[in-house]
Number of protein chains: 2
Amino acid sequence: MTHFHDPTTCQSCAQRFTSVFCKAKQEFISEINEQKICNIYKKGQTLFNEGSYPFGVYCINDGKVKLSHLGDDGKEQIIRLLRGGDVLGYRALLSGERYSASAIALEDTQVCFIPKELFISVLKNDTGLAFEMMKLLSDELHKAEVKLTHLAQKPIRERLAETLLFIKETYGYESDGITLSVRLSREEIANLVGTATESTIRLLSEFKKDGMVELDGKKIKILRQKELIKTANLQD
Amino acid sequence: MTHFHDPTTCQSCAQRFTSVFCKAKQEFISEINEQKICNIYKKGQTLFNEGSYPFGVYCINDGKVKLSHLGDDGKEQIIRLLRGGDVLGYRALLSGERYSASAIALEDTQVCFIPKELFISVLKNDTGLAFEMMKLLSDELHKAEVKLTHLAQKPIRERLAETLLFIKETYGYESDGITLSVRLSREEIANLVGTATESTIRLLSEFKKDGMVELDGKKIKILRQKELIKTANLQD
DNA sequence: TAACATGCATGATTTTTGTCATGTTTTGAA
DNA sequence: TTCAAAACATGACAAAAATCATGCATGTTA
């Protein structure tokens, strides 16, 4: 369905200015360019599975990916949403463990794979990149801690509003400027919010009744962002 | 009340084999040793405050510290519990932001402070330490993600049981082998679990009735760990 | 196109959890 | 030691959220 043209080189990649790797030294980028393997994952396909061993990191060229955990009772919890320029798989690699989450394409997605040995060796020889990685990890840790606090303290209504805004921040709008440019099922939204699917459906209907959103199947339009922000009860 | 004798040198510090810094090269350890500043914080005193700028990292020599966030409505959420050998303050430093949490001593605690510039420069020149930091960040991120999932999916009863086990893992028992060696208020336990104080009090009473714990003010004894693990409904 | 599965929607009900009120105990400071 | 404040405990109630049940729409496959 969707068609990508091979980025061919990291030097010409659309993400060369946005990914963490943009801070790596030229010589290493060349090396990565030689060893990287590009692949296309169709919607629903898995990049890697929770529980298996990492053998490299993935860099999204174009597309959308969800990163999700399985809870002890088998329920999905979506941990992160990723887009072009994002790197994934580094957490498990750096702490020397199996993947603690699965990565699944939300739409057809083009991904470059960088082998473990190369990644580690570049990281060893390029202090700048190492600092970028530490910054990335620190930022993710921060986000996780904030999310944790909200999960513990905010009611579902606020969290759903916050999640819609988060989706908008992450993937933005379609060309009409109001439709969220990702199709998520109600269940996926619920697994992002951390609640039951029915609660999510009900609250979305309420948001629609209140005129904050418009619903058309999986298409969600944000009509009144300010109202949503108020509903989310955000401080910053 | 409590008396510490100055560790004098990093080379003789009780934590020299457990902290991340143990992997740093000798020359850097010497440098840290010269520039570090040791301090004692009394119970309840603050090492640093959410919202202020970091100017270094803290290394706990002996004692206990809680790291907590304020939610948007001002309610405390305890993010992490720290003990001797743990480092803190690096997250904000590495991502170049203000502290996103406050650190408060849970009992009289001895802490070494390492200035920002030194920490960064050692990190730049010691790849091993940089990797240790990445591993540390990755581990923390992992823990945060698991906690997030549990917070979203598990009922409070399970989370309280899990929290008691977590406290035990972190701080261990007193010499009697059953009393948790930290005194936390019910409110603090609630802020760790992510629930209302009353719910925590009620459930602790239930646990007591079920014979899993014994309560004597802030002293909590774990009588049946296996039952607790079952109650926590943990997989691993 | 029929048959089926899946996702969406909504009502009814139950369970869980939080809040409010009140009393008791403990703690710490004067 | 005494008193006030804080922490603990518990009951009653309200609110929030999950679960169960059912129906409708949509899409998919034989």
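Labels below follow one simple rule: chain letters A, B, ... track the order of the sequence lines, proteins then strands, and each chain is numbered from 1.
- In this entry the distance linking NZ of A/Lys219 with C1' of D/dT26 reads 15 Å, nearest Å.
- Checking each of A/Glu76, A/Arg80, A/Glu50 against A/Ser68 for a side chain to side chain donor-acceptor pair (under 3.5 Å) leaves exactly one that passes, namely A/Glu76.
- As rounded to whole Å, 11 Å separates atom P of C/dT16 from atom CD1 of B/Ile156.
- A/Ser205 comes within 4.0 angstrom of the backbone, heavy atoms only, and of no base.
- Counting only N and O atoms by type, the side chains of B/Thr195 and B/Arg159 include no donor and acceptor under 3.5 Å apart.
- Using a 4.0 Å cut-off between charged nitrogen and carboxylate oxygen, B/Lys64 and B/Glu107 count as a salt-bridge pair.
- One interatomic measurement links the two molecules: CZ of A/Arg186 to P of D/dT26, which rounds to 13 Å at whole-angstrom precision.
- No side-chain donor-acceptor contact under 3.5 Å links B/Ser52 and B/Asn49.
- When the side-chain nitrogen and oxygen atoms of A/Ser199 are compared with OP1 and OP2 of D/dA16, none of them lie within a distance under 4.0 Å.
- Separating the NZ atom of B/Lys208 from the C1' atom of D/dA9 is a distance of 10 Å, rounded to the nearest angstrom.
- Here C/dT15 presents its C1' atom at 14 Å from CZ of B/Arg157, a figure rounded to the nearest Å.
- We find that CD of B/Glu198 is positioned 17 Å from P of D/dC13, with the value rounded to whole Å.
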